[in-house]
Amino acid sequence: MRVVSLVPSLTEAVALTRPEVLVGATDWCTHPEGLDVARVGGSKYPDLDGVLALRPDLVLLNQEENRREDAEALVAAGVPVRVTFPRTVPEALTELGELVTALGATTEPDWLVAARRAWAALAEPTTSRRAVVPVWRRPWVVLGGETFAGDVLRRLGVANLYADHAERYPRPDLDELRGRGPELVVLPDEPYRFTADDGPEVFPGVPCALVSGRHLTWYGPCLAEAPAVLAAQLAHPLRAA
């Protein structure tokens with residue numbers, strides 16, 4: 001089997017499960033470190049000729065990260081594709097289990113077993129903090145309804161104030177964000193790299209938690225450590241003057 005992955009989290013999953021089948025990945029596939037496979041451009045604009053040149057038996061895509069036209073072009077070229085779209089932690093674990101089976105793994109890898117245990121052991125939160133979760137700036141973009149990251153945060157006691165929004169990634173202006181009266185602002189370091197000096201200053205007096213975007217949004221091996229990593233980061237927000 002020859003697999004090309006256009007989804008960073010799935011690239012890591014394949015590389016840690018059946019590394020011998022992975023022949024191509026995007027420029028944004030940064031894990032595991034030292035990954036040595038052919039690179040085929042970005043997730044949004046992959047080099048399809050480069051993908052086809054690798055003679056893949058399977059290309060992995062995500063409905064949110066990749067474009068429909070690229071998936072259709074691959075199918076038209078006779079290449080099987082597998083498209084993922086988890087919106088909750090259980091959906092992600094199920095899709096990952098199906099993926100490793102499709103890759104020919106006879107048993108679940110240790111990372112997936114650990115991920116299932118980590119999330120099963122997580123107690124239902126008894127309290128929640130009302131939060132806004134920006135994922136981009138200039139313009140502001142926030143987590144809306146039915147997002148995987150939103151479900152991750154809900155399980156960690158964070159109530160997304162835009163969870164009922166009709167759009168999955170609304171674009172409110174800053175006045176609206178402040179007007180929601182959040183008790184917490186969650187600022188991941190990807191896709192936009194929020195830092196202590198870039199983000200909290202526009203929410204004076206509101207606790208701002210800087211969190212790992214990879215652990216918040218990647219559904220793959222890092223799911224095993226995500227509950228502990230994110231819980232620690234959410235527990236120690238900073239507050240801009």
Side-chain angles (χ1 to χ4, degrees), residues 8-9 62-65 84-93 95 115 118-220 222-223 225-241:
S9 58
N62 173 267
Q63 186 171 321
E64 190 167 80
E65 292 189 49
T84 59
F85 189 36
R87 282 154 287 188
T88 66
V89 171
E91 286 180 3
L93 294 171
E95 291 195 9
W119 287 98
L122 193 66
E124 187 71 21
T126 56
T127 61
S128 62
R129 289 174 286 177
R130 297 180 298 108
V132 293
V133 190
V135 294
W136 200 260
R137 184 175 185 175
R138 304 181 188 94
W140 290 96
V141 181
V142 300
L143 286 185
E146 297 189 0
T147 62
F148 170 74
D151 187 59
V152 167
L153 291 172
R154 182 190 66 78
R155 294 168 187 275
L156 293 169
V158 176
N160 179 12
L161 287 170
Y162 284 86
D164 294 330
H165 199 283
E167 298 178 13
R168 300 184 71 242
Y169 294 96
R171 297 190 175 198
D173 60 31
L174 185 56
D175 288 340
E176 181 185 335
L177 281 177
R178 291 168 170 164
R180 290 272 176 146
E183 299 172 310
L184 178 71
V185 179
V186 179
L187 299 172
D189 59 9
E190 64 173 74
Y192 184 92
R193 187 173 180 79
F194 288 103
T195 67
D197 300 319
D198 186 355
E201 77 284 353
V202 300
F203 298 100
V206 181
C208 294
L210 298 172
V211 304
S212 164
R214 175 169 169 260
H215 290 91
L216 179 61
T217 63
W218 285 34
Y219 53 100
C222 65
L223 273 175
E225 59 188 27
V229 170
L230 293 172
Q233 293 171 333
L234 291 167
H236 297 92
L238 54 86
R239 191 188 300 262

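Worth knowing before you read on, the calculation uses all heavy atoms, side chains too, and leaves out hydrogens, waters and symmetry mates.
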I'd like to check [X] versus [Y] (side-chain heavy atoms, cut-off strictly below 4.5 Å). Are they in contact?
{"X": "Val202", "Y": "Trp140", "result": "yes"}
{"X": "Tyr169", "Y": "Val142", "result": "no"}
{"X": "Pro191", "Y": "Val135", "result": "yes"}

With a cut-off of 3.5 Å and sequence neighbours excluded, list every side-chain donor-acceptor pair involving residues 119-126.
residue: Trp119; atom: NE1; partner: Leu223; partner atom: O; Å: 3.0

Identify, with sequence neighbours excluded, every residue that meets side-chain contact (heavy atoms from CB on, under 4.5 Å) alongside [X].
{"X": "Thr217", "answer": "Ala149, Glu190"}
{"X": "Gln63", "answer": "Val83, Phe85"}
{"X": "Pro207", "answer": "Leu184, Pro237, Arg239"}
{"X": "Ala196", "answer": "Leu210, Leu238"}

- prompt: Pairs in or reaching into residues 146-158: which pass side-chain hydrogen bond (donor to acceptor under 3.5 Å, both in side chains), with residues at least two apart or in two chains?
  reply: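 Applying side-chain hydrogen bond (donor to acceptor under 3.5 Å, both in side chains) to every pair that reaches into residues 146-158, excluding sequence neighbours, yields Asp151-Arg154, Asp151-Arg155.
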Any residue meeting salt bridge (charged side-chain N to carboxylate O under 4.0 Å, His left out) with [X], in chain and number order, not counting sequence neighbours:
{"X": "Arg193", "answer": "none"}
{"X": "Glu64", "answer": "Arg168"}
{"X": "Asp198", "answer": "Arg137"}

Looking only at heavy atoms, what is the nearest atom pair of [X] and [Y], with distance?
{"X": "Pro134", "Y": "Pro188", "value": "O-CD, 3.2 Å"}
{"X": "Tyr219", "Y": "Ala92", "value": "CB-CB, 3.8 Å"}
{"X": "Gly199", "Y": "Leu187", "value": "C-CD1, 4.0 Å"}

Please tabulate, one pair per line, all N/O donor-acceptor pairs under 3.5 Å involving side-chain atoms of residues 158-167, not counting sequence neighbours.
residue: Asn160; atom: OD1; partner: Tyr162; partner atom: N; Å: 3.0
residue: Asn160; atom: ND2; partner: Leu143; partner atom: O; Å: 3.1
residue: Asn160; atom: ND2; partner: Gly144; partner atom: O; Å: 3.3
residue: Tyr162; atom: OH; partner: Glu176; partner atom: OE2; Å: 3.0
residue: His165; atom: ND1; partner: Glu167; partner atom: N; Å: 2.9

Rounded distance (nearest 0.5 Å) linking atom [atom1] of [X] with atom [atom2] of [Y]:
{"X": "Arg129", "Y": "Leu156", "atom1": "CZ", "atom2": "CG", "result": "9.5 Å"}
{"X": "Leu174", "Y": "Phe203", "atom1": "CG", "atom2": "CZ", "result": "5.5 Å"}
{"X": "Glu65", "Y": "Ser9", "atom1": "CD", "atom2": "OG", "result": "6.0 Å"}
{"X": "Leu216", "Y": "Gln233", "atom1": "CG", "atom2": "CD", "result": "9.5 Å"}

task: Could you list the residues that satisfy ring pair (Phe, Tyr, Trp, His ring centres under 6.0 Å) with Tyr192, not counting sequence neighbours?
output: Trp136, Phe194
- prompt: Is there any salt bridge (charged side-chain N to carboxylate O under 4.0 Å, His left out) pair reaching into residues 205-219, and which pairs are they, with sequence neighbours excluded?
  reply: Glu12-Arg214
query: Taking Asp189 for the side chain and Gly213 for the main chain, is one N or O donor matched with an acceptor at less than 3.5 Å?
result: yes
query: In terms of heavy-atom contacts, does CZ of Arg130 have more than 12 from other residues, nucleotides or ligands at under 6.0 Å?
result: yes
